[in-house]
K.L.:
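I have a structure here, written as structure tokens, and I will follow up with some questions on it.
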Amino acid sequence: MVELSHSYLMVAAQGKSLDWRTSIAVAAIPALASVLAAIIAARSARRAKKSEIDAQHLRDLEARISEKKYDVYKPMINLLKDILNQRAMSEDEFKNLVSEFSAWVTIFGSDEAVVAFHNFMQATYATNTPPAILMKLYAEFVLSARRDMGYPDTAINAKHFLGMRISDLYNHDQLAKVEMPLADLCQEVGWTPPWEQTSAS
């Protein structure tokens, strides 16, 4: 394009008339540039539209997964609430609800939520698990479910959650320590988590 323009200027400076083909070519340059710009703009617009569609598709998928997670977690959260409220419940009902939840949380739950539920259930299966441990693991599970369902940056802690249900949380000798790291709390109450116990060979 630069060379063509230069040739055009040289011919004009010498007072010679341009070949008609050269004139058409020179005149066509701005039109060609406009066409190329339009093609590039159209392609960019299509890419932007595709990115927008992809982003919307991703948002829709996340919304559906979030809704499914709500459906998965709700029965277990309600079950734990009923246990705290000391609602009468048969062993079969409890086992069925736990089994149903376990099947789905392993599919839809985050790694953190699966581990938290595992730890909580292992503590409930163990004999003589201190109440402070059960409450801490219960709170950790609920908070991990909260993060999994859409509040990944939640800043509430176990006491914020348990304090809604336990009136003497801050005065109780053991329950007041639920914010301690699990390893420290286990040492404090003299309890070894089942997942840390080594079986005798």
K.L.:
Got a sec, which residues hit ring-ring contact (aromatic ring centres under 6.0 Å, His included) with His172, two or more places apart in sequence or on another chain?
P.N.:
none
K.L.:
Side chains of Val178 and Asn157, heavy atoms from C-beta outward: is any pair under 4.5 Å?
P.N.:
no
K.L.:
Is there a side-chain contact between Asp168 and Ile166 in this structure, where contact means two heavy atoms from C-beta onward sitting under 4.5 Å apart?
P.N.:
yes
K.L.:
With a cut-off of 3.5 Å and sequence neighbours excluded, list every side-chain donor-acceptor pair involving residues 183-190.
P.N.:
unit_1: Glu188; atom_1: OE2; unit_2: Lys177; atom_2: NZ; d: 2.5

K.L.:
Would you say Phe94 ends up clustered with Leu80 if hydrophobic residues are merged whenever their side chains have heavy atoms under 4.5 Å apart, either directly or through other cluster members?
P.N.:
yes
K.L.:
Is any NZ, NE, NH1 or NH2 atom of the basic residue among Lys95 and Glu100 found under 4.0 Å from an Asp or Glu carboxylate oxygen of the other?
P.N.:
no
K.L.:
Does Glu196 have more than 12 heavy atoms from other residues, nucleotides or ligands lying within 6.0 Å of its CD?
P.N.:
yes
K.L.:
Is there any salt bridge (Lys or Arg N to Asp or Glu O under 4.0 Å) pair reaching into residues 114-141, and which pairs are they, with sequence neighbours excluded?
P.N.:
Lys136-Glu140
K.L.:
Can you get from Met180 to Leu134 by hopping between Ile, Leu, Val, Met, Phe, Trp and Tyr side chains that sit under 4.5 Å apart?
P.N.:
no
K.L.:
Is there a path from Met135 to Val115 through hydrophobic residues (I, L, V, M, F, W, Y) whose side chains come within less than 4.5 Å of each other?
P.N.:
no
K.L.:
From Thr106 OG1 over to Asp111 CG, what is the distance, rounded to the nearest 0.5 angstrom?
P.N.:
11.5 Å
K.L.:
Shortest non-hydrogen contact from Leu169 to Leu175?
P.N.:
CD1-O, 3.5 Å
K.L.:
OG of Ser102 to CD1 of Ile107: how many Å apart, nearest 0.5 Å?
P.N.:
11.5 Å
K.L.:
Which pairs with one or both residues in residues 142-152 pass salt bridge (Lys or Arg N to Asp or Glu O under 4.0 Å), sequence neighbours excluded?
P.N.:
Lys69-Asp148, Glu112-Arg147
K.L.:
Is Met164 linked to Ile77 within one hydrophobic cluster, defined over Ile, Leu, Val, Met, Phe, Trp and Tyr using a side-chain heavy-atom separation of less than 4.5 Å?
P.N.:
no
K.L.:
Residues two or more places apart in sequence or in another chain: which of them pass side-chain hydrogen bond (donor to acceptor under 3.5 Å, both in side chains) with Trp191?
P.N.:
none
K.L.:
Return the minimal non-hydrogen interatomic distance between Met89 and Asp82, and the atom names on each side.
P.N.:
CE-CB, 4.1 Å
K.L.:
Report, as yes or no, whether the 6.0 Å neighbourhood of atom CZ on Arg43 holds more than 12 heavy atoms from other residues, nucleotides or ligands.
P.N.:
no
K.L.:
Would you say Leu137 and Tyr125 are hydrophobically clustered, going by side-chain heavy atoms of ILVMFWY under 4.5 Å?
P.N.:
yes
K.L.:
Tell me whether Gln122 contacts the main-chain N or O of Pro193 through its side chain, where contact means a donor paired with an acceptor under 3.5 Å.
P.N.:
no
K.L.:
May I ask you to decide if Ala116's main-chain N or O and Ser144's side chain share a donor-acceptor pair within less than 3.5 Å?
P.N.:
no
K.L.:
Is there side-chain contact between Ile156 and Leu143, with at least one heavy-atom pair below 4.5 Å?
P.N.:
yes
K.L.:
Please find the pair of heavy atoms, one from Ala113 and one from Tyr73, that lie closest to each other, and give the distance.
P.N.:
CB-OH, 3.0 Å
K.L.:
Can you run down the ring pair (Phe, Tyr, Trp, His ring centres under 6.0 Å) pairs that involve residues 140-163, sequence neighbours left out, and say none if there aren't any?
P.N.:
Phe101-Phe141, Phe117-Phe141, Tyr138-Phe161
K.L.:
Write down the atom of Glu179, the atom of Lys159, and the distance for their closest heavy-atom approach.
P.N.:
OE2-N, 3.5 Å
K.L.:
Taking Ser99 for the side chain and Asn96 for the main chain, is one N or O donor matched with an acceptor at less than 3.5 Å?
P.N.:
no
